[in-house]
Amino acid sequence: MLERPPLSEPSLDQPTTDVIQGTLDLLILKTLSLEPMHGYGMSRRIEQISRGVFKVNPGSLLTALQRLERAGWVDAEWRQTENARRAKVYALTRAGRKQLAAETADWTRRAAAVARLLGAEA
Amino acid sequence: MSLWRQLSRGLRVLVHRPEADRELDAEVEHWLDQAVADLVATGLSPEEARRVARVELGGTLSAREEVREHGWERVVSGAADDLRYAARRLRKDGAFTSLAVLTLALGIGAATAIFSTVNPVLFERLPYPDPQRLVTFSEAGTGGARLDVTFGTYHEVAQRSHAFASLAVLKAWQPTLGGRDMPERLDGQRVSAGYFRTLGVAPLLGRDFTGADDRPRGPDVVVLGHALWQRLGADAAIVGRTVTLDDTPFTVIGVMPDQFENLLAPSAEAWAPLQYGESFAPDSRAWGHHLRMVGRLRPGMDREAAAQELGVIAGSPLAELPRVPWADLSGGLLLSSLRDEVTQAVRPALLAVMAAVLLLLAITGVNVTNLLLARGARRQGEFAMRAALGAGRARLVRQLLTESLLLAVVGGVLGLAVAEAGVRALVALSPAGLPRLDAIRVDTAVLAFACALSALIGIGVGVVPALQASTPALRAGVERNSRRTAGDYRRTRGSLVVAEVALAFVLLVSAGLLFRSLSRLLAVDTGFDDAPLLTMQVQVTGHRYDADSLGYRFLEQSLEAVQGVPGVAAAAFTSQLPLSDDLDIYGVHLEREADPANDGAVLRYAITPGYFSAMGIPLRAGRLLDEHDRAGSPRAVAVSEAFARAAFPGSDPIGQRLRFGDREGDWYTIVGVVGDVRQTALGLTTASALYVTPTQWHWVDRRMSLVVRGRGAPATLAPAVRAAIWSVDKDQPVVRVATMRELVEASVADRRFALIVFEAFGVAALLLAAIGLYGILSVSVTERTREIGVRSALGASSRDILALVLRQGMLFAAVGVALGLVLAWAAGRSLAALLFELPPLDPVTYGSVVALLLGVSALACWGPAWRAARLDPAITLRAE
């Protein structure tokens with residue numbers, strides 16, 4: 001593992017430090033699998049469900065959403081929200097569902113392996 | 001699916017950038033609003049909530065920027081920005097840009113044009129399947145001369161060799177196409193049945209020749225070339241119909257495809273079977289050295305192995321395949337690849353021209369390098385400033401890269417125009433022997449290569465100043481570039497100018513050597529008087545001349561008619577014309593030598609008696625042939641001086657007898673010795689020649705050249721002379737009308753081609769070198785303004801200053817010339833094949849080029865030197 005500088009103040013330069021590298025896509029896909037949602041809602045949902053462990057920076061989230069949309073895993077649509085404002089709402093596509101399943105399986109496998117390794121060491 | 005999304009979304013952002021930005025803004029704004037609403041719900045005041053939300057969001061701007069930085073379209077629009085900036089910079093620097101672009105265009109254009117011309121000839125695959133398996137044969141004659149093969153040799157090789165999948169022989173055939181308004185002489189070939197199969201091409205329509213076509217007294221069948229078929233109406237039903245060739249109806253059995261390139265006779269457009277038999281008498285035409293032979297190696301067989309097998313065959317004659325003495329293969333059989341065969345005549349000229357363009361490309365490269373370096377030096381301040389403002393190295397390099405690429409592209413586009421024009425000029429100028437003219441076109445691959453090369457130069461060169469500017473040491477000195485770097489630049493650019501001068505020297509010396517060779521060649525005594533001569537070829541074809549006497553009558557009558565044309569001083573027929581590719585060679589048997597072995601090759605001319613006086617060939621001894629030397633009277637022969645010297649050293653040839661053409665026939669008595677004539681080329685020493693009258697020869701030559709000595713300009717006589725011949729028989733084609741001058745000129749076309757290219761490139765190189773010299777001195781004078789001011793303040797006269805700058809410039813020139821001498825010495829040797837009676841180190845050429853280069857350099861230095869000499873010290877010193 002690379003050594004990283006200690007985290008202090010949330011820095012503009014390191015927007016994704018709060019989320020484990022490479023898991024942001026998985027978190028987004030999972031969140032969207034529950035229901036279509038806009039960006040802010042997603043960030044709140046991730047924060048709430050992870051009980052504040054993960055804090056998502058809007059820049060990273062919106063960039064990731066753009067990437068996922070281009071990959072064809074999510075669709076985006078401008079919708080009227082309940083308080084009569086327009087919001088960009090993201091929804092999972094069929095391809096996105098497949099990707100979520102694949103990534104979930106992959107993650108579980110890795111996590112289990114890491115857990116086993118840590119257990120063996122202890 | 002996702003690739004499509006990538007492309008379409010990215011394109012949408014690129015095309016509707018403001019709309020995409022608005023959308024992003026709205027999304028971020030919405031995010032902010034939601035966050036504020038949530039915070040207000042927790043009890044914060046709206047103002048406080050907005051502040052906290054902004055902090056959390058990390059600034060709306062930066063979030064937006066982060067998203068915008070993502071995606072491939074970002075790279076594209078970044079590049080577009082760079083490009084816009086580069087274009088603006090280049091426009092602002094007009095003088096530099098136009099000079100660099102023109103130089104690049106010249107280099108790229110010239111290189112592309114030359115490579116496009118040379119490529120199909122020297123490098124491209126020949127237009128046949130497995131062309132590397134195609135070989136041609138020749139017999140080794142005395143002194144290593146390459147002779148065409150005899151049919152007997154072909155027959156024996158075909159019987160005995162196992163190295164070849166297929167073999168064929170062919171000879172030129174010039175039938176007259178009749179049944180139309182004007183008699184048209186076609187170029188064609190008589191070929192053995194396997195010719196097209198050997199090349200690996202099949203007819204477009206109809207069928208190929210078969211063994212049944214190719215036997216004595218076989219059917220009169222013909223395969224037409226595509227262009228001829230088009231001229232005849234392009235009717236697919238032509239197969240099976242007849243066309244009239246030499247008064248004989250020939251059945252069309254096939255039509256060749258349009259893309260068929262007949263490299264062994266590019267102008268041929270009709271093919272008929274050779275129709276030689278399996279058995280042939282030793283004296284028959286079959287044993288003449290008059291056939292070209294081509295073969296296709298068996299798969300897996302290489303040329304060396306095949307040559308070895310041929311060597312064995314040549315060295316072991318079989319009783320059942322008897323040979324004749326003049327084709328006994330004692331010298332062996334020579335094998336060469338088809339490519340070498342078709343390109344050997346022009347290869348030296350093409351290679352030289354290619355070397356020339358490489359030199360020119362090098363010079364243009366050096367010149368652009370120099371320009372970019374000078375510009376880089378001037379822009380040090382800009383780079384240092386930008387580096388200080390936070391531009392990373394990568395950013396600066398990318399910017400410069402874009403500028404270089406833009407230059408290369410603009411130069412490349414202009415270069416394409418230059419190349420187009422150049423290719424056209426080259427094709428127009430090209431020597432007659434240049435094969436595959438139709439295949440020559442601007443080669444896009446070469447163009448792309450040249451552009452890439454110049455871009456590479458641009459990048460390599462342009463990046464250095466940026467890298468230097470962004471080094472920390474220089475960041476400190478934003479205000480002025482350091483002395484050290486300026487010195488570095490001067491040294492680099494100095495050596496580049498030296499290189500330019502040296503390369504220009506090589507090109508100019510080569511051009512000079514070619515020029516001097518050519519003028520020497522044209523000054524060669526041809527042995528005849530070319531100025532007043534008009535020549536043309538007359539055919540004696542058709543059944544109406546089946547009887548030889550009628551053929552002779554036709555020649556006699558046409559000659560009379562021509563002599564009656566006003567302005568004609570003299571006229572005569574000859575079976576072969578000097579410097580016109582005619583080549584008719586026989587073995588000779590001298591009576592005094594008992595052994596009737598092949599006694600070397602001599603040129604045989606059947607001439608009407610007025611030939612020598614019409615051509616202006618002098619009589620050296622004895623008498624000329626005259627009208628008494630006719631059928632029935634004793635056979636008389638006039639010999640050339642070279643023959644007399646070689647065959648009768650120290651003794652009088654007059655009265656000696658010899659036999660040629662027919663080994664059992666009558667003896668010819670030598671009645672006269674005439675001057676030597678250059679038959680094959682100006683540069684080749686004359687082969688021995690024998691002259692007889694047509695009526696004393698064994699057969700009528702069906703193709704005779706008419707030489708007409710005019711009183712005025714010979715070219716103007718052509719229509720009247722042609723009309724005179726047609727007044728005798730309007731069905732006989734008259735072709736190859738040319739003045740003797742034109743033939744002489746055409747015989748040196750390959751050298752002239754090389755010369756023109758070298759001259760043009762040499763002048764371009766000279767100009768570029770002068771510009772380079774001028775440029776470096778100008779910059780140097782500007783940089784040394786202060787020093788010059790000090791010098792003149794301390795009492796240096798303007799003459800001293802002038803000398804100072806001139807000395808600096810001329811030092812570059814002198815070093816360049818010295819380096820050029822060495823390079824030219826090496827280059828001159830590779831040019832040797834194109835030189836004529838000129839040592840590669842010709843002092844006159846070297847001397848004049850040194851003088852020319854130094855003179856032009858002095859001129860180029862004069863401007864900056866003059867400017868320096870007139871600097872006012874009061875002003876320059878204050879300026880600092």
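Per chain, numbering begins at 1; letters A, B, ... match sequence-line order.
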Does [X] reach the side chain of [Y], with side-chain heavy atoms less than 4.5 Å apart?
{"X": "A:Y40", "Y": "B:E27", "value": "no"}
{"X": "B:H30", "Y": "A:K88", "value": "no"}
{"X": "B:Q34", "Y": "A:H38", "value": "yes"}

- Item | A:R44 portion near chain B, given a 4.5 angstrom heavy-atom threshold |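 Only the side chain of A:R44 comes within 4.5 Å of chain B.
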- Item | From A:L61 atom CG to B:W31 atom CH2, the distance as rounded to the nearest 0.5 Å |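 So the gap between those two atoms works out to 4.5 Å.
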